[in-house]
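Structure first, commentary second.
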Amino acid sequence: MHFDAIGRVPGDPILGLMEAYAQDPNPRKFDLGVGVYKDAQGLTSIPQAVKLAEARLVDRQATKTYIGGHGEPAFGKVINELVLGADSALIAEQRAGVTQTPGGTGALRLSADFIAQCLPGRGVWLSNPTWPIHETIFATAGVKVSHYPYVGSDNRLDVEAMLAALKEAPKGDVVLLHACCHNPTGVDLSPADWNNVLEVVKAKGHVPFLDMAYQGFGDGIDEDAAAVRLFAESGLTFFVSSSFSKSFSLYGERVGALSIVSESKEESARVLSQVKRVIRTNYSNPPTHGASIVAAVLNSPQLRAQWEEELAEMRLRIRGMRTQMVDLLAKNAPQRDFSFVGRQRGMFSYSGLTVEQVTRLRNEFGIYALDTGRICVAALNQSNIDVVTKAIVQVI
Ligand code: LMR
């Protein structure tokens, strides 16, 4: 009787679709919805570097005691190096506070709670479109959400409109930027665009927030962190959320991080103390296992080299699928230009398909994509690309 008035909310646009896919009895179904990498055989396998690190850990692990709110110090250290660059002055000056989080989503929610509690009244600006959960996370934490234009239905980046909106945003608001491999569009800013964004953010006194869930899936590990490094050299204070779900294929282990760059070592200590309080009242301590694996891989030259190779293999396979998708669509639907798919970066393509077309793909062909037309190119392989491109040709 107490719950009588509680209504049902629609399923999550991404994980809800993953559940619907799992329940679909159709034996010829294809999941191009959720952002999960699948190899040439269609499997989300565990990288060898992860397997080896995990075996070593299990062998050597002596305790499973609490690790503290900020997590494994060894993890935080290597993550800051990976994200900011090993030779970053911010690390040497101890201005880059870092905390281990339950995935990239956990890092975002933690930062949203921190902003709501410690920077009250600051709104957050998200790209239009963006990862749909961004909006829910910040709004749920009580942070006002606004949008800046980014990519239109023609799949083109409108950087002028983006800059104009950021110039109009209230001074001191948080501006969330996808550091690389924009989700859902796959359309990234050019180096010149990044310089312009930095200039506006600096002039307006905004707080930059770089969300980096796909480091290594665009052009390379350091290449994909170029925007973060640009902000690191700018003298600004900023946030970086990172995820190791994709780059280490550790989805279910929930491994992420939140780095917050402050003006001084002393300010960083104050900020981190507040972050730790938010953590304590939420999940208390982050989970240990996945972060220990990431730290073990990154701290071993041999495992790191192996991981970099495996990550490059994923990156190149996705690129190959993009090229093949563009070629097949050009052959079978020459009236429509899909060449933009080849220029996009990361796991996704914002295909330009409408919700009606996506619904037809699902109902008539068992192909699951997001209602916004986002397709996970990282789930394409030689056994499904013909079926998928032919189905796209049928529905457009
Ligand atoms: C996605 O966008 O599909 C991934 O980031 C998975 C998720 O948590 O939504």
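Numbering of ligands and ligand atoms starts at 1, following listing order.
- Within the structure, salt bridge (charged side-chain N to carboxylate O under 4.0 Å, His left out) contacts touching residues 361-380 (residues at least two apart or in different chains) are Arg360-Glu364, Arg362-Asp371.
- Salt-bridge check for Lys77 with Glu81: passed, with a basic side-chain N closer than 4.0 Å to an acidic carboxylate O.
- Screening residues 164-173 for side chain to side chain donor-acceptor pair (under 3.5 Å), with sequence neighbours left out, gives Trp125-Asp173.
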For ligand 1, list every N/O pair with the protein closer than 3.5 Å, one pair per line with the distance.
residue  : atom  : partner : partner atom : Å
ligand 1 : 2 (O) : Trp131  : NE1          : 3.0
ligand 1 : 2 (O) : Asn183  : ND2          : 3.0
ligand 1 : 2 (O) : Arg374  : NH1          : 2.9
ligand 1 : 3 (O) : Gly35   : N            : 2.7
ligand 1 : 3 (O) : Arg374  : NH2          : 2.8
ligand 1 : 5 (O) : Tyr214  : OH           : 3.3
ligand 1 : 5 (O) : Lys246  : NZ           : 3.0
ligand 1 : 9 (O) : Trp131  : NE1          : 3.1

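- Side-chain polar atoms of Ser268 and Gln94 form no donor-acceptor pair below 3.5 angstrom.
- Partners of Arg345 under the salt bridge (charged side-chain N to carboxylate O under 4.0 Å, His left out) rule, at least two apart in sequence or in another chain, are Asp219.
- Using the six-membered ring where Trp is involved, Tyr150 and His182 have ring planes that are parallel, under 30° apart on the 30 and 60° scheme.
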